[in-house]
2 protein chains.
Amino acid sequence: MTSLSPSDAAQEPSATQRAYLAIRRMILTGELAPGEKLKIENLRQILDMGGSPIREALTLLVSDLLVERLDQRGFRAAEISPQNFAEILKLRCQLEETALRESLGNANPAWEDKLVISHHRMMREPRENVERFEELHKTFHMTLIEACQSPVLLKFCSQLYDLNIRYRYLAGKALNYSSRDIGKEHTDIMNAAVDRDADKACRLLLDHYRNTGAFLEKHFVAEAAE
Amino acid sequence: MTSLSPSDAAQEPSATQRAYLAIRRMILTGELAPGEKLKIENLRQILDMGGSPIREALTLLVSDLLVERLDQRGFRAAEISPQNFAEILKLRCQLEETALRESLGNANPAWEDKLVISHHRMMREPRENVERFEELHKTFHMTLIEACQSPVLLKFCSQLYDLNIRYRYLAGKALNYSSRDIGKEHTDIMNAAVDRDADKACRLLLDHYRNTGAFLEKHFVAEAAE
DNA sequence: GATCTCAGGAAAATCGATATTATTTCCGAA
DNA sequence: TTCGGAAATAATATCGATTTTCCTGAGATC
């Protein structure tokens, strides 16, 4: 090991990684619309790099279910549908309940500290910084289940989280959760987790998801009727 | 639509697809050992194609959890471990139970026909044709849960199936199931499914998986002690 | 008038070469 | 002898160009 400057983890990310994160962000936020054709040439110009990293990034996104590959006709952003949304919500509830129970079973002080910190950071972040907030929000939810000792399960949960958040972005600014206190919901979940009260934590977590789900679904119906 | 020759689905697959299937097969069967470095140049020569399709295939396999990507040091076949094996078994049992119950709930005559056919084909295939048999075996198990109306869940189950079968191949020819009648187990599962008896079908299916799991685990322990 | 066929153009897939980045080897100094 | 470091080597990551494939629309045929 040679130079240990204060921020040594700050090594230049690969082009593939940059492309992956950029395209993923664009799909999640809706900047690239569902079903939209993703032309290599376009993305090349936007991201200013060769075709290979773009293709590789798109290939990665295919297995995240955010991009669909059409035989030899390139890629497109994955389609959305009420069925798909319902499916994701359902699977998420089932998998996260499992993960949360196991996580609480294996919980240790280091994990607890990490959870409290992630909660704190999320609560402090102004909701206006939407993307930054969503990042911290995901970190909080993933930390909750992180101690479950099952990397594959965590991977599935992470994927499902992203698929779900995409619908939240797409529902868009119209969203107003005025009738709910999201902050309190998170705090209650954290407290139940810290108390190692698995039943309560699961109940709160699933309500949290299902309420948001019902909210979004209502939004879709309203939109479809316009 | 133009020419509908008897075998019209026989269009030339893309290089990427060929590479994907070939490398996947080599990893599943153990031809490429766990942890082994996967050098682009080697694979290029074996598969006789350029580097791009190889990279793309490897990228696809990363998200199947069959290949690991190391920062900027290329790819290697995923490692194996008893923990990983146990995790896969556990997740598989949970997800397939869910899927099977929903599948039986949505079952219709067309699905039932398909199930019977897939069972028949599997039973007819000589066990000597290992790879062909395994293909039919997977088809049978996937058909069981296919009516569950949840593409994401099916994808997860398919991935977990492949991860599991890899361990079966690795345990290798040493396997002898003499104390069990695998054929009968499959037939019983199918019959319970045809009867729409979800409880029974799930019980039999999970026993089927867990028995095989216990068998393999025993094998690993024996191997580690050598 | 409708369908079919065949260019022409656009895009994707793939290749070969180059630039980057890790790893190994070898040499000199402590 | 051992440690460190610099050059040599090997492999990856990326690019630009070529080949292949698909899509479009104009003209011909039924």
Side-chain angles (χ1 to χ4, degrees), chain A residues 1-5 7-24 26-27 32-33 35-63 66-79, chain B residues 1-5 7-24 26-27 32-33 35-63 66-79:
Chain A
M1 211 165 285
T2 50
S3 78
L4 268 191
S5 61
S7 63
D8 70 321
Q11 64 172 328
E12 194 75 4
S14 68
T16 297
Q17 193 67 4
R18 272 186 295 133
Y20 173 73
L21 292 174
I23 299 174
R24 179 167 164 279
M26 289 193 284
I27 293 176
L32 293 170
E36 182 175 345
K37 186 92 208 296
L38 303 177
K39 295 188 195 163
I40 310 279
E41 188 52 33
N42 283 3
L43 295 170
R44 269 194 50 159
Q45 289 174 0
I46 296 174
L47 300 174
D48 187 40
M49 59 177 70
S52 313
I54 303 274
R55 282 191 71 81
E56 214 167 308
L58 288 172
T59 301
L60 282 169
L61 288 164
V62 166
S63 38
L66 288 171
V67 165
E68 291 165 1
R69 137 178 275 148
L70 298 93
D71 197 35
Q72 337 237 144
R73 281 172 293 135
F75 302 88
R76 63 173 47 191
E79 295 283 1
Chain B
M1 209 165 290
T2 50
S3 78
L4 268 190
S5 62
S7 62
D8 70 320
Q11 66 171 324
E12 192 77 4
S14 67
T16 296
Q17 192 67 4
R18 270 188 296 134
Y20 173 74
L21 291 173
I23 300 174
R24 177 167 164 280
M26 289 192 283
I27 293 176
L32 293 170
E36 181 175 346
K37 188 88 209 300
L38 303 177
K39 294 186 196 164
I40 310 280
E41 188 52 34
N42 282 4
L43 295 170
R44 269 195 48 160
Q45 288 174 2
I46 296 174
L47 300 174
D48 186 40
M49 58 177 70
S52 311
I54 304 273
R55 281 190 71 80
E56 215 168 306
L58 289 172
T59 302
L60 281 168
L61 289 164
V62 166
S63 37
L66 288 171
V67 166
E68 291 165 2
R69 138 178 274 150
L70 298 92
D71 196 35
Q72 336 236 148
R73 282 174 292 136
F75 302 87
R76 64 174 46 193
E79 295 283 1

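All values derive from a computational prediction rather than experimental measurement. Each chain gets a letter, A, B and so on, in the order its sequence line appears, and its residues count up from 1.
The interatomic distance linking R44(B) (CZ) with dA10(D) (C1') rounds to 15 Å, in whole Å. Here dG16(D) presents its P atom at 12 Å from CD of Q45(A), a figure rounded to the nearest Å. The separation between N42(B) atom CG and dA10(D) atom C1' is 12 Å, rounded to whole Å.
Among all heavy-atom pairs drawn from Q72(A) and S14(B), the shortest one is OE1-CB, 3.6 Å.
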Tabulate protein N/O versus nucleotide N/O from nucleotides 12-15 of chain D, keeping only pairs under 3.5 Å, one per line.
unit_1	atom_1	unit_2	atom_2	d
dA13(D)	OP2	R55(B)	NH1	2.4
dA13(D)	OP2	R55(B)	NH2	3.1
dT14(D)	OP1	A15(A)	N	2.5
dT14(D)	OP2	T16(A)	OG1	2.7
dC15(D)	OP1	G50(A)	N	3.4
dC15(D)	OP2	G50(A)	N	2.6
dC15(D)	N4	S52(A)	OG	3.1

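Using a 4.5 Å heavy-atom cutoff, the side chains of L47(A) and R18(A) are not in contact.
The salt bridge (Lys or Arg N to Asp or Glu O under 4.0 Å) contacts involving residues 35-49 of chain A comprise nothing, where partners must be two or more places apart or lie in separate chains.
Here the OH-CD1 distance, from Y20(B) to I54(B), works out to 14.5 Å after rounding to the nearest 0.5 Å.
For the side chain to side chain contact (heavy atoms under 4.5 Å, CB included) test, residues two or more places apart in sequence or in another chain that qualify with V67(B) are I27(B), L38(B), L58(B), L61(B), V62(B), F75(B).
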